[in-house]
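See structure below.
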There are 2 protein chains.
Amino acid sequence: MEDGTSAPPGHSGVTTPRGDLFNPACPTRQLLDRIGTKWVAMIVKTLAESGELRYAELKRRTPGISAKMLAQTLRGLENDHLVVRRVEPTVPPAVSYSLTPLGQSLDQPLAALRDWAETHMPEINRAARP
Amino acid sequence: MEDGTSAPPGHSGVTTPRGDLFNPACPTRQLLDRIGTKWVAMIVKTLAESGELRYAELKRRTPGISAKMLAQTLRGLENDHLVVRRVEPTVPPAVSYSLTPLGQSLDQPLAALRDWAETHMPEINRAARP
DNA sequence: CGGGATCCCCAATGATACTG
DNA sequence: CAGTATCATTGGGGATCCCG
């Protein structure tokens, strides 16, 4: 998987210069798929509004999500440095999640997308097709 | 666009008022999942920039997509009234796709998301995890 | 309480072949 | 050229059990 796109001259070009969405080898694609899901949209919004929430509370505020998906999604967001996990060493343990500054910056474009979806939903109103 | 933000009177209240992303029964969720994919992001961008393109050309400009996925994705966009399909009755037939005004309006929030992904890719740089 | 491990099933996706 | 139909594969995601 050589990234022969536009490696900066004189720079050890292992890193991708910038996001080239159209380069199949570019992780930007996968990133987009990761942050484009409904779960991410919901969780980021919830955290953006509430600041910090515990696992159970987050689950309660995300109707329909399974425990597995929540944990999995949170892990992904953590790996991408969009969310920070804070553990309180009590018994039983209490774990809280909140957005990093980067995560907060993501909320803006995501909000635009959410808003678009909510706004234009009526006129799209896909008539359920099998 | 004066869809009432409330369910139609006299109708079984199954319908969702407006975008309530947090209502599991709301199609806004599914919509979000549909427009959040990388293929949609790429195709919408390409069409937004080029105006109208034929199937083969669109495929050429979307590296990595299969014929099936392209057709499928275009169908979805068509069903959502984001893309229009124009057929010229020649032999062999020529089919072109372009964005509807609604589709063009989607390009804006999507562009924000693409831009965010491309911009912050470097600092995320998820260290490949097996 | 938070979440890792496991099993299992269906839907999404790719590859190939065929048609209007 | 622009798809559709069919088949095979996979892995996403729910349910369940268990552990720190």
Side-chain angles (χ1 to χ4, degrees), chain A residues 1 24-25 29-43 46-47 50 52-80 83-98 126 128-130, chain B residues 24-25 27 29-43 46-47 50 52-80 83-98 126 128-130:
Chain A
M1 40 190 70
R29 280 194 178 186
Q30 305 178 4
L31 177 60
L32 227 183
D33 266 353
R34 264 178 271 145
I35 64 180
T37 73
K38 61 170 175 269
W39 299 132
V40 169
M42 293 174 70
I43 292 175
T46 302
L47 288 179
S50 299
E52 188 184 53
L53 292 173
R54 296 184 52 178
Y55 181 87
E57 178 62 21
L58 209 40
K59 183 169 189 303
R60 222 170 304 127
R61 296 209 198 184
T62 313
I65 200 172
S66 67
K68 181 182 182 179
M69 273 312 294
L70 179 56
Q72 192 174 298
T73 305
L74 287 173
R75 281 270 199 96
L77 293 174
E78 221 188 323
N79 284 331
D80 286 337
V83 158
V84 275
R85 183 187 161 175
R86 208 193 82 217
V87 184
E88 288 186 73
T90 58
V91 238
V95 183
S96 296
Y97 297 87
S98 57
R126 161 187 286 226
R129 73 105 187 236
Chain B
R29 279 194 178 186
Q30 305 178 4
L31 177 59
L32 227 184
D33 266 354
R34 263 179 272 144
I35 65 181
T37 73
K38 59 171 177 271
W39 298 132
V40 169
M42 294 175 69
I43 291 175
T46 302
L47 287 179
S50 299
E52 189 184 53
L53 292 173
R54 297 183 52 177
Y55 180 87
E57 178 62 22
L58 208 41
K59 183 169 189 302
R60 224 169 299 129
R61 297 210 198 183
T62 313
I65 200 173
S66 68
K68 184 180 181 177
M69 274 312 294
L70 179 56
Q72 193 173 301
T73 304
L74 286 173
R75 284 258 172 162
L77 293 174
E78 221 188 322
N79 284 332
D80 285 337
V83 158
V84 275
R85 183 185 168 196
R86 209 192 82 218
V87 184
E88 289 187 72
T90 58
V91 230
V95 183
S96 295
Y97 296 88
S98 58
R126 163 186 284 225
R129 70 107 191 228

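Letters go in sequence order (proteins before strands), and every chain restarts at 1. Worth saying up front: this structure is predicted, and the values here are computed from it rather than measured.
Regarding B:Lys68, its NZ atom lies at a distance of 16 Å from the P atom of D:dG3, rounded to whole Å. Rounded to a whole Å, the CD atom of A:Glu78 is 15 Å from the P atom of C:dG2. A:Lys59 has its NZ atom 11 Å from the P atom of C:dG2, to the nearest Å. A:Gln30 has its CD atom 16 Å from the C1' atom of C:dT13, to the nearest Å. Note: CG (B:Leu58) to P (D:dG3) measures 10 Å, nearest angstrom. Going from atom CG of B:Leu74 over to atom C1' of D:dA2 covers 11 Å, rounded to whole Å. In this structure, A:Met69 atom CE and C:dG2 atom P are separated by 18 Å, rounded to whole Å. Atom-to-atom, OH of A:Tyr97 to P of C:dG3 comes out at 3 Å; the value is rounded to the nearest Å.
Between the OG atom of A:Ser96 and the CZ atom of A:Arg86 there is a distance of 5.0 Å, given to the nearest 0.5 Å.
Applying the 4.0 Å criterion to OP1 and OP2 of C:dG3, one finds that A:Arg85 has a side-chain N or O inside that range. Contact annotation: B:Arg75 side-chain N/O to D:dT4 OP1/OP2 distance is under 4.0 Å. Between D:dA2 and B:Arg54, a contact under 4.0 Å exists linking OP1 or OP2 to a side-chain N or O.
Taking all atoms of both residues into account, the shortest heavy-atom contact from A:Leu58 to A:Thr46 is CD1-CG2, 4.0 Å. Heavy atoms only, all atoms of each residue included: A:Ala67 and A:Lys59 are closest at N-CE, 3.6 Å.
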Item checked: Chi angles and distances behind the side-chain contact (heavy atoms from CB on, under 4.5 Å) call for A:Tyr55, A:Leu74 -> CA-CA 9 Å; A:Tyr55 181 87; A:Leu74 287 173; 4.2 Å; yes
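Map A:Pro93 and A:Ile65 each onto its nearest nucleotide of DNA chain D; the residue landing nearer the 5' end is A:Ile65. Looking at which nucleotide of DNA chain D each of A:Pro92 and A:Ser66 is closest to, the 5′-most match is held by A:Ser66.
Taking the side chain of B:Tyr55 as heavy atoms from C-beta on, and the options D:dA2, D:dC7, C:dG4, the nearest nucleotide is D:dA2. Side-chain atoms of A:Val95 lie closest to C:dG3 of the nucleotides C:dC7, C:dG3, D:dA2.
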